[in-house]
2 protein chains.
Amino acid sequence: MNTSHPIDACRGPATAEHVALSSGELAAKLAALAHPTRLEIVSRIAGLGPCCCKDVVACVGFAQSTVSQHLKVLVDAGLLSFANKGQRSCYELNHEALAEVAAVITRFAEACCVPQLKDQ
Amino acid sequence: MNTSHPIDACRGPATAEHVALSSGELAAKLAALAHPTRLEIVSRIAGLGPCCCKDVVACVGFAQSTVSQHLKVLVDAGLLSFANKGQRSCYELNHEALAEVAAVITRFAEACCVPQLKDQ
DNA sequence: ATCGTCTATCGCCGATAGACGATGAATACC
DNA sequence: GGTATTCATCGTCTATCGGCGATAGACGAT
């Protein structure tokens, strides 16, 4: 039997450059993005450039502790980079990781939408 | 001030055809995909074509009630279509919705990665 | 040394997710 | 009619999420 499935597209069937994520890794990154507040945080940091927690708190309407936890989720998922700059923290968007998520989900969708090609 | 943010890319800034999702809608669809089992289910249904719950249960290793709930999550998110065919249910991949998620997240990523263009 | 600021973490809470088995409804088959 | 099959839903259990306030640690400024 041919065990090729679209899910394999996540692991990189030599279709694209180097983008490859396991099912669990992809799910983890999607989960990090699957929250309106975190989408907003990513969006804001993209606009602000490298910034600290306080800057983000000033943008979104939540308590500092809540924002700090959302930032941690995004850092753990690899979507933000983190650096300790003295008193402050510096969060910066990881463009490559975000682009990778987009690329992998796009490849996954394409593999799902053209299933008849899976036996090529 | 210019209030344009990458998050607005989700709502469709006339960049692409007709793809447009609110932040909450995008988050909801991402959340539906943000689970390894559901990624696998989507992948399997893409390969099998229209199929019933029992078929999916045979593919993934979980109880029928668990699979049924995962299918419901995917249907509620609009990623699967549902039809009651007599004794069985018929689940089918919603290619358009899946492609839309991929397109929106790609546009979001692009807007985040090129923030200097937000003032164009 | 002390004060103020910024941050991460802790504890707490209600709500939700995700797994399961059991049950009942609807259908197909004999 | 009676039985088997398929499925959705219910209840339960546990773990996690997502919010908050409080607090402690690190740092800069005075």
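Proteins get letters first, then strands, A, B, ... in listed order; numbering begins at 1 in each. From a predicted model like this one, the values you see are computed outputs, not experimental measurements.
The CG atom of B:L30 lies 5.0 Å from the CD1 atom of B:I105; values are rounded to the nearest 0.5 Å. The structure places NZ of A:K54 at 13.5 Å from OG of A:S89, a figure rounded to the nearest 0.5 Å. For the atom pair A:E110 CD and B:H95 NE2, the distance stands at 12.5 Å (nearest 0.5 Å). A:I45 contributes atom CD1, which lies 11.5 Å from atom CG of A:N94 (distance to the nearest 0.5 angstrom). The line from CD1 of B:I41 to CG of B:L48 is 11.5 Å long, rounded to the nearest 0.5 Å.
With B:E25 contributing its side chain and B:S22 its backbone, the two residues share a donor-acceptor pair below 3.5 Å. With A:E100 contributing its side chain and A:A97 its backbone, the two residues share no donor-acceptor pair below 3.5 Å.
For DNA chain D, the neighbouring residues in residues 66-77 of chain B, judged by any heavy atom under 4.0 Å, are B:S68. Within residues 51-65 of chain B, the residues approached by DNA chain C to less than 4.0 Å at the level of any non-hydrogen atom are B:F62, B:A63, B:S65, in residue-number order.
The minimum heavy-atom distance between B:S43 and A:C112, with the atom names listed, is CA-SG, 4.4 Å. Counting all heavy atoms, side chain and backbone alike, A:A27 lies closest to B:A34 at O-CB, 3.6 Å.
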Report task. Show your reasoning for whether side chain to side chain contact (heavy atoms under 4.5 Å, CB included) applies to A:C53 and A:Q64. Result -> CA-CA 8 Å; A:C53 180; A:Q64 178 267 328; 4.1 Å; yes
**Report entry** Worked verdict on B:F62 versus B:V57 for side chain to side chain contact (heavy atoms under 4.5 Å, CB included)
**Finding:** CA-CA 7 Å; B:F62 292 106; B:V57 171; over 6 Å; no
Query raised in the report: Does the pair A:V42 and B:F108 meet the rule for a side chain to side chain contact (heavy atoms under 4.5 Å, CB included), with working shown?
Result: CA-CA 10 Å; A:V42 169; B:F108 177 75; 3.9 Å; yes
Query - Verdict with supporting geometry, B:L98 and B:L33, side chain to side chain contact (heavy atoms under 4.5 Å, CB included) - result: CA-CA 10 Å; B:L98 186 56; B:L33 289 174; 4.2 Å; yes
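Running 5' to 3' along DNA chain D, contacts with non-hydrogen atoms of chain B at under 4.0 Å begin and end at D:dT5 to D:dT9.
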Requested in this report: Toss me the dot-bracket line for DNA chain D: Watson-Crick and G-U wobble, both under 3.5 Å, 5' to 3', using | for pairs to another strand and [ ] for crossers.
Outcome: ||||||||||||||||||||||||||||||
Report all interatomic pairs (protein N or O, nucleotide N or O of nucleotides 27-29 of chain C) with separations under 3.5 Å.
residue	atom	partner	partner atom	Å
C:dT27	O3'	B:Q87	N	3.4
C:dA28	O4'	B:Q87	OE1	3.2

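A salt bridge links B:E40 with B:R44; the closest basic N to acidic carboxylate O contact falls under 4.0 Å.
If A:H35 and B:Y91 are placed on DNA chain D by their nearest nucleotide, the residue sitting closer to the 5' end is B:Y91.
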Donor-acceptor pairs under 3.5 angstrom involving side-chain atoms of residues 65-85 of chain B: please list them, not counting sequence neighbours.
residue	atom	partner	partner atom	Å
B:H70	ND1	B:R38	NH1	3.1
B:K72	NZ	B:D76	OD2	3.4
B:S81	OG	B:E92	O	3.3

